[in-house]
Amino acid sequence: MQSLLAAFTTWYLSIVIKKVKRDSILLQICTILFQFVVTLLCRFVAGRGSAYTDSILTEGIGFSLFVLFVVNLFLAVGMKKKKSMVWTFLLAFLLISLRKQMMIVFPVMCIVFFWYYVIREHQGKKFLLLVVLSCCVLLAGKLFDRTYNYVVRGAWIEHSGNSMGLLCTLLYSSNPENDRNLFEDEEIRKLYIRIMDEAVSRKLVYQTAPMEGSRWLTLSTHYADSYDAIGYGIINPVVEGYIAEYYDISEVESASKYDEICGEMVRTLWRQEKSALLEVYLYNTWKGFVNSIALANPVLSLYAAAAYLGMGILAWYLCILLKRQKCSLSRLSERKSEMLVQENMMLQKQIAQMENSICFAFIVMVGIAVNALVVGLLIFSQPRYMLYGMGLFYTAGSMMLYDIFLYNKRV
C-alpha cells in the first residue's frame with residue numbers, strides 16, 4: 001500500500017510540475033528522479049537495506065501524504081485552486097491523525113497563509129478565515145484521537161505518552177546536582193533522582209558526551225543514542241513500576257497517571273539552566289536540516305550549508321528577475337500598440353512562471369525549517385523524521401534554475 005501511494009504521489013507531483021512549467025518534460029523527469037533518489041539513498045547509502053515507503057507503515061504513508069499536502073498547498077495558494085485548498089485541509093487532518101510529528105502542518109499552513117495573503121495580497125480577512133479553518137483541522141484531529149481511544153479503550157482521552165519526547169531531551173541536558181532542587185513534590189523528586197542516577201551511570205546524559213571530533217555531530221549523535229535508552233530503558237520502567245507499586249488502578253488510569261507524572265517533570269525541568277539544552281537543540285536542529293536534504297556527516301554538512309545558501313541565492317536572483325519583468329510589463333502596458341499585445345501576454349506568462357517557482361520553493365523551505373526546528377526540540381533528528389521534503393527541495397531548486405535559464409536565454 002505504501003509503495004503504491006508513493007508511486008501515485010510521484011506521478012501526481014511530476015504532472016503538476018510539468019503543467020506549471022510549460023509542459024517541460026525535463027522538469028517532469030527530474031521531479032520523478034528526485035523522489036526516487038530519496039528511496040535509493042535510504043536503501044543503499046544510509047545502510048538500511050530497505051526503503052521507508054515499504055517497511056515502516058506510518059512513515060511510509062506520511063512521507064507520501066506530506067508531499068501531496070505540499071503540492072495541494074502550492075496549488076491552492078500559488079494557482080488559486082479552491083479544490084486544492086479543500087484537499088490541503090483534508091491531507092492536514094490525515095497527517096495529524098497519522099503521526100503526531102505531522103502537527104508541523106499547522107504552523108506550515110499558518111506561515112504560508114500569512115506570507116501570501118497578508119504580506120503579498122493584503123487580504124487580512126481571508127488569512128484569518130484560513131487560520132480559523134486550520135484550527136478546526138487541528139481540533140478535528142484531537143477529536144478523532146479521543147474518539148479512537150473511546151472506541152478502543154473506552155476512555156475519552158488523547159494519545160498517551162505525549163510528554164515523554166520533550167522529557168527525554170530535558171533529562172539529557174539536566175544537571176542532577178542542581179535540578180533536583182527544582183522539584184517541590186517529594187515523590188516526583190525521588191523518581192527524577194532514580195532516573196538521573198541510572199542515566200548518569202550509563203553515560204546517557206550531556207555531561208558524559210564524548211568531546212572528540214566535530215562537536216555538533218558528536219553531541220547530536222550521543223543525544224540520539226541516548227534518547228530511546230532514557231525513554232524506554234529508564235523512564236518507562238521507573239515511572240510505570242512506581243505506578244504499579246503504589247496505585248491500584250486500571251490500564252487507562254495508569255496511562256493518565258503516567259502522563260501526569262511526566263508532564264510535571266517537564267514543567268519542572270523547563271526551569272533548568274538552559275545552556276546545555278540550547279547547545280543540544282542547536283546541534284540537533286542543524287543535524288535535522290542536514291538530514292532533510294542529505295546525510296549528517298562532516299563533509300555533507302558543508303554540502304548542505306552550500307545547498308541552502310544556493311537555494312537562497314537562486315530565490316533572491318529570481319526575485320530580481322521577476323521585478324525586472326514586472327517593470328517591463330508596466331512599460332509595455334503604457335504603450336497602446338497592437339503589435340505589443342503578444343509580447344505583453346508572453347511577459348505575463350513569464351511572470352506567472354517565476355511567481356509559481358518562488359511560491360513552491362517558499363512552501364518547501366517552510367516545511368523543512370518547521371520540521372527541523374520542531375523535531376530538534378522534541379526528538380533526535382534521524383533521517384526517517386526529516387526526509388519528507390528532500391525530493392521537494394531539489395525539485396524547487398530545479399524549477400528556479402529552469403526559469404533563470406529561460407530568462408537568460410531570451411535575453
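We count residues from 1, following the sequence as given. What you see below is based on every heavy atom in this structure, not just the backbone, and it leaves out hydrogens, waters and symmetry mates.
- Residue Tyr148 qualifies as open at atom OH: its count of foreign heavy atoms under 6.0 Å is 12 or below.
- Atom CG of residue Leu269 and atom CD of residue Glu264 lie 9.5 Å apart, to the nearest 0.5 angstrom.
- Lys21 contributes a side-chain N or O that, together with a main-chain N or O of Gln353, makes up a donor-acceptor pair within less than 3.5 Å.
- Within 6.0 Å of atom NZ in Lys125, 12 or fewer heavy atoms from other residues, nucleotides or ligands are found, so the atom counts as exposed in its surroundings.
- Between atom CG of residue Leu5 and atom CG of residue Leu68 there is a gap of 6.5 Å, rounded to the nearest 0.5 Å.
- Pairing each heavy atom of Pro298 with each of Ser301, the nearest pair is O-OG, 2.7 Å.
- With hydrogens and angles left out, the side-chain atoms of Glu355 and Ser357 include no donor and acceptor closer than 3.5 Å.
- The main-chain N or O of Thr88 is never found under 3.5 Å from a side-chain atom of Asn72 such that the two would form a donor-acceptor pair.
- When atom types are taken as modelled, the side chain of Ser398 and the backbone of Thr395 share a donor-acceptor pair closer than 3.5 angstrom.
- In terms of heavy-atom proximity, Leu314 sits nearest to Gly397 at CD1-O, 4.0 Å.
- With Glu187 contributing its side chain and Arg189 its backbone, the two residues share no donor-acceptor pair below 3.5 Å.
- Distance check, rounded to the nearest 0.5 Å: CD1 of Ile313 to CG of Leu318 gives 13.5 Å.
- Taking the six-membered ring for Trp and thresholds of 30 and 60 degrees, Trp216 and Trp286 have ring planes more than 60 degrees apart, a perpendicular arrangement.
- Defined by atom type and a distance below 3.5 Å, a donor-acceptor pair is present between the side-chain atoms of Gln101 and Asn371.
- Taking a 6.0 Å sphere around CZ of Arg146, one finds it holds more than 12 heavy atoms contributed by other residues, nucleotides or ligands.
- With hydrogens and angles disregarded, a donor-acceptor distance shorter than 3.5 Å links the side chain of Gln207 to the backbone of Ser174.
- Nearest heavy-atom pair across Gly367 and Phe66 is CA-CZ, 4.3 Å.
- Side-chain contact check for Arg99 versus Ile61: every heavy-atom pair is 4.5 Å or farther apart.
- Between Arg271 and Asp179 no salt bridge is recorded (no basic side-chain N to carboxylate O distance below 4.0 Å).
- Heavy atoms of other residues, nucleotides or ligands lying less than 6.0 angstrom from NZ of Lys274 number more than 12.
- Pro210 and Thr218 make their closest contact through O-CG2, 3.1 Å (heavy atoms, listed as atom of the first residue, atom of the second, distance).
- The ring-ring contact (aromatic ring centres under 6.0 Å, His included) test applied to Phe393 returns Tyr308, not counting sequence neighbours.
- Atom CE of Met265 sits about 9.5 Å away from atom CG of Asp185, to the nearest 0.5 Å.
- Contact check for Tyr394 versus Ile293: side-chain heavy atoms found under the 4.5 Å cut-off.
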- Message: side-chain contact (heavy atoms from CB on, under 4.5 Å) for Ile25 and Ile29? Distances and angles first, verdict last.
- Response: CA-CA 6 Å; Ile25 299 296; Ile29 293 173; 3.8 Å; yes
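- Classified by interplanar angle (parallel below 30°, tilted 30° to 60°, perpendicular above 60°), the ring pair Phe8/Trp11 is tilted.
- Using modelled atom types, one finds no donor on one side chain facing an acceptor on the other under 3.5 Å when comparing Tyr281 with Thr169.
- The number of heavy-atom neighbours closer than 6.0 Å to CH2 of Trp115, taken from other residues, nucleotides and ligands shown, is above 12.
- Pairing each heavy atom of Ser173 with each of Gln272, the nearest pair is OG-OE1, 3.0 Å.
- A salt bridge links Arg202 with Glu198: at least one charged nitrogen is closer than 4.0 Å to a carboxylate oxygen.
- Rounding to the nearest 0.5 Å gives a distance of 8.5 Å between CG of Leu95 and OH of Tyr388.
- Between Ser84 and Met79, every side-chain heavy-atom pair lies at or beyond the 4.5 Å cut-off.
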- Message: Let's go through Phe89 and Leu130 carefully: what are the C-alpha distance in whole Å and the side-chain angles of both, what is the deciding distance for side-chain contact (heavy atoms from CB on, under 4.5 Å) to 0.1 Å, and is it a yes or a no?
- Response: CA-CA 10 Å; Phe89 288 126; Leu130 292 172; 4.0 Å; yes
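- When all heavy atoms of Lys19 and Asp23 are compared, the pair lying nearest together is CA-OD1, 4.1 Å.
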- Task: Walk me through it: do Tyr303 and Val290 pass the test side-chain contact (heavy atoms from CB on, under 4.5 Å)?
- Result: CA-CA 9 Å; Tyr303 159 76; Val290 175; over 6 Å; no
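- One N or O on the side chain of Asn284 and one on the backbone of Ser381 form a donor-acceptor pair closer than 3.5 Å.
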- Message: Is there a side-chain contact (heavy atoms from CB on, under 4.5 Å) between Tyr258 and Ile235? Walk through the geometry before answering.
- Response: CA-CA 10 Å; Tyr258 176 92; Ile235 294 176; 3.8 Å; yes
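- Between Arg22 and Gln350, the closest side-chain pair of non-hydrogen atoms falls below 4.5 Å.
- Counting heavy atoms from C-beta outward, Leu27 and Lys18 have side chains that stay 4.5 Å or more apart.
- A salt bridge links Lys100 with Asp145: the distance from a Lys NZ or Arg NE/NH1/NH2 to an Asp or Glu carboxylate oxygen falls below 4.0 Å.
- At a threshold of 4.0 Å, the pair Glu279-Arg215 counts as salt-bridged, since one of the basic side-chain nitrogens sits closer than that to a carboxylate oxygen.
- Here the straight-line distance linking atom CH2 of Trp270 with atom CG of Leu170 works out to 6.0 Å at 0.5 Å rounding.
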- So Tyr192 and Thr268, side-chain hydrogen bond (donor to acceptor under 3.5 Å, both in side chains) or not? Walk me through it. CA-CA 11 Å; Tyr192 165 79; Thr268 302; over 6 Å; no
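- Looking only at side-chain heavy atoms (C-beta outward), Ile243 and Ile261 come within less than 4.5 Å of each other.
- Between Lys287 and Thr221 the shortest side-chain heavy-atom distance falls below 4.5 Å.
- The backbone N or O of Ala352 lies less than 3.5 Å from a partner atom in the side chain of Asn356, making a donor-acceptor pair.
- No more than 12 heavy atoms of other residues, nucleotides or ligands lie within 6.0 Å of CZ in Phe36, so this atom counts as exposed by the packing criterion.
- Judged by distance alone, the side chains of Glu253 and Ser250 do bring a donor and an acceptor atom under 3.5 Å apart.
- No side-chain N or O of Ser254 forms a donor-acceptor pair with one of Glu240 less than 3.5 Å apart.
- A donor-acceptor contact shorter than 3.5 Å links the side chain of Tyr227 to the backbone of Gly165.
- Annotation: side chain of Tyr117 is not in contact with side chain of His122 (no heavy-atom distance under 4.5 Å).
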- Message: Applying ring pair (Phe, Tyr, Trp, His ring centres under 6.0 Å) to Tyr172 and His222, what does each step give before you reach the verdict?
- Response: CA-CA 10 Å; Tyr172 177 83; His222 182 260; 5.6 Å; yes
- Apply ring pair (Phe, Tyr, Trp, His ring centres under 6.0 Å) to Phe127 and Phe114, showing your working. CA-CA 6 Å; Phe127 165 72; Phe114 180 81; 5.5 Å; yes
